[in-house]
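FYI, the numbering just counts along the sequence from 1.
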Amino acid sequence: MAPEKEEEITKVKITGKCRVKPNKKLGRSECQLVTFDLPYIAFQYNQKLMVYKGDEYGDRVGKLKDGLGLVLEDFYQLAGKLAKDEDWVFRVEYDDDMEGVEVLEAKAEWIGVDDLTVEEGTSTLKELIPYNGILNSEGLHRPLLSVQLTKLKDGLAMGLAFNHAILDGTSTWHFMSSWAQICSGLPSISLLPFLDRTKVRNTKVKLQLSPPDQNGSSTDDAKPVDPPLRERVFKFSESGINKIKSKINSNIPSGSSKPFSTFQSLAVHIWRHVTQARQLKPEDYTVFTVFADCRKRVDPPMPESYFGNLIQAIFTVTAAGLLSMNPPEFGASMIQKAIETHDAKAIEERNKQFESAPKVYQFKDAGANCVAVGSSPRFPVYEVDFGWGKPETVRSGINNRFDGMVYLYQGKSGGRSIDVEISLEAGAMERLEKDKEFVLEVN
């Protein structure tokens with residue numbers, strides 16, 4: 001962990017640190033990062049927290065390490081590192097001599113599982129997940145995956161930091177599910193990762209970076225000028241989601257090609273109410289951004305098991321007044337059209353545009369007054385059972401958060417229930433919490 005963060009984690013005592021490598025020799029391999037990967041090189045590590053009940057900490061840690069050594073035989077790129085050639089063409093490479101995945105053991109026995117299932121804030125979570133504020137570009141000299149296993153009063157907190165330059169959410173949860181399968185006793189994983197990312201794109205892109213901050217605090221310097229944020233999880237029940245979806249589909253505009261999906265219905269619900277909570281002027285622009293999975297959109301399509309980043313940001317822009325004064329199906333139609341028209345041709349054009357003028361993006365570049373949705377309620381986060389039950393909660397860490405960042409997770413109760421994790425400027429969050437129309441369908 002970065003030295004400047006140590007004072008913030010003094011409550012959590014790190015008791016051990018090791019590296020885990022694939023159990024068998026695999027030799028050397030390398031695969032260049034492709035156009036879909038490169039926009040995220042200056043984002044921060046993607047952080048997740050999973051919390052499990054139970055008091056067999058030592059046994060669980062041993063089981064997790066053993067399973068990790070096995071599952072890395074298939075997902076060996078995670079045990080490798082980033083590299084670049086003299087032309088600044090990035091690649092992920094693996095060699096048997098590399099150190100592998102970092103595993104930290106820690107104690108925070110005054111924290112209970114119930115303390116971590118609260119809907120407000122991330123300050124406690126911050127101490128349980130490694131690599132706060134660390135950029136993906138630092139994968140040149142850091143592990144691509146760091147895992148912190150913290151002993152709680154009545155359970156185990158698994159904090160994970162994945163290098164977002166080498167994998168997206170679909171690949172993240174494919175890996176987590178596979179790791180759980182091995183720990184649960186299966187002799188092999190059910191779906192092998194498709195590791196040759198050059199099959200989807202084989203254009204070498206030179207991406208010159210400014211010299212990285214050696215302290216990993218590149219984004220920290222600007223924080224004092226940013227408004228204070230609050231984080232909150234709004235838990236939408238299945239019945240609440242159904243009401244939102246039914247209401248918006250009761251008056252489908254003539255221009256819409258089909259009924260609005262669950263995602264489109266919930267997305268416009270969030271977008272409209274966050275826009276109102278921000279008290280924007282009618283003429284102010286507001287942007288809705290979703291990171292869409294392109295595995296089935298590219299030509300030829302890639303398998304679901306494609307390991308890497310195969311996502312692109314899709315943007316929808318309108319005036320705040322138009323979004324708020326029109327019925328919700330107005331915004332939903334815009335989102336639906338943007339998603340449907342992002343086909344293989346649009347993806348190809350976006351790739352060529354990036355390749356002709358490569359740009360290093362920061363995680364805050366999602367647009368003005370934006371609502372940006374990451375993660376997906378389709379990811380099987382509550383099915384990740386290592387042999388001692390499903391997680392009690394799944395959360396994101398503090399990385400890649402800005403005013404308007406939203407993470408969607410399946411609800412623990414199953415069905416169509418969805419947890420909506422939102423970061424907003426404090427005043428806007430307070431108004432959103434008091435917005436009865438927004439929270440009406442929660443719980």
List the residues meeting salt bridge (charged side-chain N to carboxylate O under 4.0 Å, His left out) with [X], not counting sequence neighbours, and say none if there are none.
| X | answer |
| --- | --- |
| Arg350 | none |
| Lys434 | Glu430 |
| Arg19 | Glu99 |
| Lys412 | Glu392 |

Which residues satisfy the ring-ring contact (aromatic ring centres under 6.0 Å, His included) test with [X], sequence neighbours excluded?
| X | value |
| --- | --- |
| Tyr40 | Phe43, His164 |
| His273 | His269, Phe438 |
| Phe307 | Phe75 |

I'd like to know whether Glu421 forms a salt bridge (Lys or Arg N to Asp or Glu O under 4.0 Å) with Arg401, so could you lay out the CA-CA distance, the side-chain angles of the two residues, the decisive distance to 0.1 Å, and finally the verdict. CA-CA 11 Å; Glu421 192 176 46; Arg401 284 187 182 273; 3.3 Å; yes
Sequence neighbours excluded, every pair satisfying salt bridge (Lys or Arg N to Asp or Glu O under 4.0 Å) that has a member inside residues 303-315: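 Output for this query is empty, none listed.
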Which pairs, with at least one residue in residues 284-295 and sequence neighbours excluded, count as a salt bridge (Lys or Arg N to Asp or Glu O under 4.0 Å)?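 Of all non-adjacent pairs touching residues 284-295, those that pass salt bridge (Lys or Arg N to Asp or Glu O under 4.0 Å) are Asp168-Arg295, Asp293-Arg295.
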For [X], enumerate each residue passing the side chain to side chain contact (heavy atoms under 4.5 Å, CB included) test, keeping only those at least two apart in sequence or located in another chain.
| X | result |
| --- | --- |
| Ser324 | Thr275, Gln276 |
| Lys24 | Leu26, Glu73 |
| Lys84 | Trp88, Phe90, Leu140 |

Minimum side-chain heavy-atom gap Met405-Ile422 below 4.5 Å: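 In short, these two side chains do not touch, never coming nearer than 4.5 Å.
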